[in-house]
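To start, the structure itself, in structure tokens.
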Protein chains: 2
Amino acid sequence: MTVRPTLEKVAARAGVSRATVSRVVNGSASVGEEIRVAVLRAVDELGYVPNFAARSLVTQRADSIALVFSEPPVRVFSEDPTFAGIIRGVSQEVEAADKQLVLMMAGSARGHERVERYTTAGHVDGVIIASMHGADPLPMSLARRGIPVVCSGRPITGNGLPYVDMDNVSGAVQAVGHLLERGRRRIATIAGPPDMIAGIDRLNGYRQVLRDSGRRSIIALGDFTRDSGALAMRQLLEDDPALDAVFVASDMMAFGALQTLRLAGRRVPDDVAVVGFDDILSAEYTEPPLTTVRQPTLRMGRELARLLLTRNPESPVVLPTELVIREST
Amino acid sequence: MTVRPTLEKVAARAGVSRATVSRVVNGSASVGEEIRVAVLRAVDELGYVPNFAARSLVTQRADSIALVFSEPPVRVFSEDPTFAGIIRGVSQEVEAADKQLVLMMAGSARGHERVERYTTAGHVDGVIIASMHGADPLPMSLARRGIPVVCSGRPITGNGLPYVDMDNVSGAVQAVGHLLERGRRRIATIAGPPDMIAGIDRLNGYRQVLRDSGRRSIIALGDFTRDSGALAMRQLLEDDPALDAVFVASDMMAFGALQTLRLAGRRVPDDVAVVGFDDILSAEYTEPPLTTVRQPTLRMGRELARLLLTRNPESPVVLPTELVIREST
DNA sequence: ATGCTGCCTGAGAGCGCTCTCACGGGGAGG
DNA sequence: CCTCCCCGTGAGAGCGCTCTCAGGCAGCAT
């Protein structure tokens with residue numbers, strides 16, 4: 001069993017030619033029924049599995065696609081649960097298409113180079129880039145080399161590549177609108193980094209609602225981490241001690257904000273209402289449970305894969321976001 | 001740029017033979033210095049990248065390894081944060097070795113078959129199986145086909161395959177010992193599933209300490225999910241309303257237990273002390289912050305990869321666990 | 001000067017597969 | 001009864017690379 005049988009062996013055993021075995025194995029039509037059965041039996045008896053490299057060499061296909069994280073891995077796997085959904089979604093679609101998923105981290109310059117070399121070597125048929133930093137040069141760089149690329153999140157630079165994005169603006173609008181409906185008057189925000197599309201769009205949504213309702217913006221900046229949220233909340237309380245609501249651009253930051261509010265003796269939602277963004281698992285278990293904006297991460301992964309696999313250029317796909325009301329508002 | 005240059009082209013441009021270019025590209029010694037430089041220049045000018053399939057076909061190596069999750073994906077990516085650390089650790093080592101990581105889900109029977117076919121096709125040089133269910137047949141099945149396999153977690157069946165495991169027993173012993181030191185007398189446990197090594201070992205550790213201190217065990221079973229923890233805690237309170245501590249075999253279950261205790265009006269830690277297991281991110285942010293047992297998941301990933309890559313048979317690697325004391329005890 | 005050792009380079013044989021093309025034979029049409 | 005066509009099968013040429021082997025040319029000893 002150590003030495004794997006080749007097409008040749010199977011052909012010999014079935015008493016046919018290599019070509020015929022190949023046809024059977026690849027499910028080609030026009031093979032006589034009894035020959036087909038004989039070949040199948042030989043395949044079975046020998047435990048034949050086509051050699052991937054040989055096939056790939058001639059077909060020029062690799063039947064696998066790469067999912068590249070252009071971020072430090074620590075962020076991908078612990079801080080940002082969005083990625084988990086994406087991986088699952090991509091994985092689902094890719095497996096349904098009987099292809100394989102190669103996971104790559106390209107957090108560094110060396111990483112970028114590795115990804116380029118690897119993909120150019122014909123290892124994969126296409127690449128999904130899950131990058132949050134909109135100005136990432138990697139997608140274009142791969143595209144120029146002729147490799148099919150799909151991006152998660154609208155590229156800030158608007159490079160014309162196909163992408164799938166969440167409707168971040170709408171999510172923010174829903175969240176802030178909800179705060180308004182609850183009768184809140186001084187609504188602040190903790191925004192995400194201005195070099196990430198999610199940060200930008202969520203802030204824009206917030207601004208839009210406040211502007212439309214004739215209120216002024218109260219803004220602090222974070223970087224999507226919990227600590228930055230705690231810090232930003234402290235600053236916000238200093239800037240405007242009378243604020244009665246805050247729209248936080250990520251749940252992790254909202255957790256930090258919740259903590260700061262608790263330390264400051266503000267009750268949530270009585271004194272200050274809090275809305276997060278992402279609807280990560282633990283948002284349901286905070287004290288109080290967090291009102292937040294849910295985004296279809298699983299579906300995002302699936303759409304990304306679908307876009308890549310079908311080469312269907314009905315690109316930008318923008319997925320809806322949905323407000324989940326809990327007890328923090 | 002669409003059509004990639006071959007070795008032949010590079011050879012022609014550099015005015016040497018294919019063999020020489022191959023030698024240079026693969027960093028073989030014994031190539032004249034000026035020829036080497038000339039070849040390198042040609043490679044650079046043409047943007048040559050070796051075709052992976054062709055190389056793999058002759059070398060019989062794929063320079064990539066598979067990380068197989070023999071679990072439903074939902075569990076891998078949301079419920080069990082252990083996996084995230086493993087992925088990161090494996091990824092680090094694998095990339096350091098300039099190889100690639102292929103991620104596979106084998107949650108179903110079809111999945112198993114897919115993994116077998118894929119790995120047998122020579123797609124990968126080895127497989128890491130991250131399965132929690134100890135009696136999983138997949139590892140042996142692959143090993144029989146001659147594919148190098150490493151398991152995460154000691155296989156229940158003791159099949160002789162190399163593995164890396166956490167020291168679950170010691171973790172449980174530390175946790176329960178800590179409860180004892182705190183003066184707790186009626187210590188219950190919420191155990192994990194009896195078909196997972198982590199469930200078994202953690203329960204054994206608990207039993208061991210209680211037996212040594214002449215106390216009786218109070219046991220409820222969960223399946224590592226939050227809801228099962230909540231349910232088990234309810235049962236425990238019924239069984240022994242006077243219990244003053246509970247060792248929960250996973251943080252997720254501990255979250256559920258915490259909720260049940262809150263609803264039942266028991267204060268933590270005043271009335272009931274709670275220790276979890278895993279030290280997942282949000283354990284720090286519960287109310288109160290959870291005392292728990294930390295396990296080196298990142299390192300586990302790295303050891304898994306190392307074991308596979310070096311073919312170093314100093315197998316069972318057992319990694320230490322560490323009690324993290326917070327405010328729930 | 002001749003032979004030998006050793007180092008570098010080139011030629012060429014595959015690795016296992018797919019796919020085109022040619023061929024043989026049977027059925028339909030003339 | 002002969003011809004044409006088409007379907008099913010086999011032969012063979014590569015895909016791009018690695019690696020063995022042999023050959024050539026120094027440099028050294030005889």
Side-chain angles (χ1 to χ4, degrees), chain A residues 2-40 42-43 46-64 117-125 146, chain B residues 2-40 42-43 46-64 117-125 146:
Chain A
T2 329
V3 58
R4 277 152 32 200
T6 70
L7 251 203
E8 196 82 51
K9 294 266 198 304
V10 178
R13 180 168 194 121
V16 297
S17 75
R18 238 174 30 239
T20 300
V21 178
S22 175
R23 276 188 274 260
V24 172
V25 169
N26 292 295
S28 151
S30 70
V31 173
E33 185 54 20
E34 39 189 308
I35 289 201
R36 216 178 61 83
V37 171
V39 169
L40 252 21
V43 164
L46 262 34
Y48 171 75
V49 176
N51 179 296
F52 155 76
R55 171 180 287 177
S56 182
L57 179 57
V58 33
T59 59
Q60 306 275 37
R61 287 177 299 103
D63 281 335
S64 57
R117 203 158 28 83
Y118 184 77
T119 51
T120 316
H123 228 127
V124 294
D125 302 325
Chain B
T2 329
V3 57
R4 277 153 32 200
T6 69
L7 250 203
E8 196 82 51
K9 293 266 197 304
V10 178
R13 180 168 195 121
V16 297
S17 75
R18 234 170 38 234
T20 300
V21 178
S22 175
R23 274 187 276 260
V24 172
V25 169
N26 292 296
S28 151
S30 71
V31 173
E33 184 56 20
E34 40 190 307
I35 288 200
R36 217 178 59 82
V37 172
V39 169
L40 251 21
V43 164
L46 262 36
Y48 172 74
V49 176
N51 178 295
F52 154 76
R55 172 179 287 176
S56 183
L57 179 57
V58 33
T59 59
Q60 306 274 38
R61 288 178 298 104
D63 281 336
S64 56
R117 204 159 26 83
Y118 183 76
T119 51
T120 317
H123 228 125
V124 295
D125 303 325

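Each chain gets a letter, A, B and so on, in the order its sequence line appears, and its residues count up from 1.
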> Below 4.5 Å, heavy atoms only, C-beta onward: do Arg55(B) and Leu57(A) meet side chain to side chain?
Replying inline: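 Not in contact.
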
> Are side-chain heavy atoms of Asp63(B) and Phe52(B) found at a separation under 4.5 Å?
Replying inline: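 Contact flag for Asp63(B)/Phe52(B) side chains = no.
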
Which whole-number value in Å describes the distance from [X] [atom1] to [N] [atom2]?
X         : N       : atom1 : atom2 : value
His123(B) : dG16(C) : NE2   : P     : 17 Å
Glu34(A)  : dT9(D)  : CD    : P     : 9 Å
Gln60(B)  : dG16(C) : CD    : P     : 6 Å
Ile35(A)  : dG10(D) : CD1   : P     : 6 Å
Asp63(A)  : dT18(C) : CG    : P     : 11 Å
Asn26(A)  : dT20(C) : CG    : P     : 13 Å
Glu8(B)   : dG14(D) : CD    : P     : 13 Å
Arg61(A)  : dT18(C) : CZ    : P     : 9 Å

Report the nucleotide, chosen from [options], that has the shortest atom-to-atom distance to any side-chain atom of [X].
X        : options                   : value
Thr59(B) : dC15(D), dG10(C), dT18(D) : dT18(D)
Ala19(B) : dT9(D), dG10(C), dT18(D)  : dG10(C)
Leu57(A) : dC17(D), dT18(D), dG16(C) : dG16(C)
Tyr48(B) : dG16(C), dA13(D), dC17(D) : dC17(D)
Val16(B) : dG10(C), dG16(D), dT9(D)  : dG10(C)

With respect to the phosphate group of [N], does any side-chain polar atom (N or O) of [X] fall under 4.0 Å of OP1 or OP2?
X        : N       : result
Asn51(B) : dC15(D) : no
Thr20(B) : dT9(C)  : no
Ser17(A) : dA11(D) : no

> Between Val37(B) and Glu33(B), does a side-chain contact (heavy atoms from CB on, under 4.5 Å) hold up when you go through it step by step?
Replying inline: CA-CA 6 Å; Val37(B) 172; Glu33(B) 184 56 20; 3.8 Å; yes

>> To check you understand the geometry: which heavy-atom pair defines the closest contact between Ala121(B) and Pro50(A), and what is its length?
In response: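 Closest heavy-atom pair between Ala121(B) and Pro50(A): CB-O, 3.5 Å.
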
> Do any N or O atoms from the side chain of Arg4(B) and from the backbone of Thr120(A) form a donor-acceptor pair under 3.5 angstrom?
Replying inline: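 Yes; at least one donor-acceptor contact below 3.5 Å.
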
>> Closest-nucleotide mapping onto DNA chain C: is Val21(A) or Ala54(B) further toward the 5' terminus? I mean the 5' end.
In response: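 The answer here is Ala54(B).
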
> Mapping Gly32(B) and Val58(A) to their closest nucleotides on DNA chain C, which lands nearer the 5' end?
Replying inline: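 Between the two, 5'-proximity favours Gly32(B).
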
>> Determine whether a donor-acceptor pair (one donor, one acceptor, N or O, separation below 3.5 Å) exists between the side chain of Arg23(A) and the base of dG10(D).
In response: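 Looking at the base of dG10(D), it does pair with a donor or acceptor on the side chain of Arg23(A) (distance under 3.5 Å).
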
> So, does the side chain of Arg18(A) form a donor-acceptor pair with the base of dT18(C) at under 3.5 Å?
Replying inline: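 Per atom types, the contact qualifies.
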
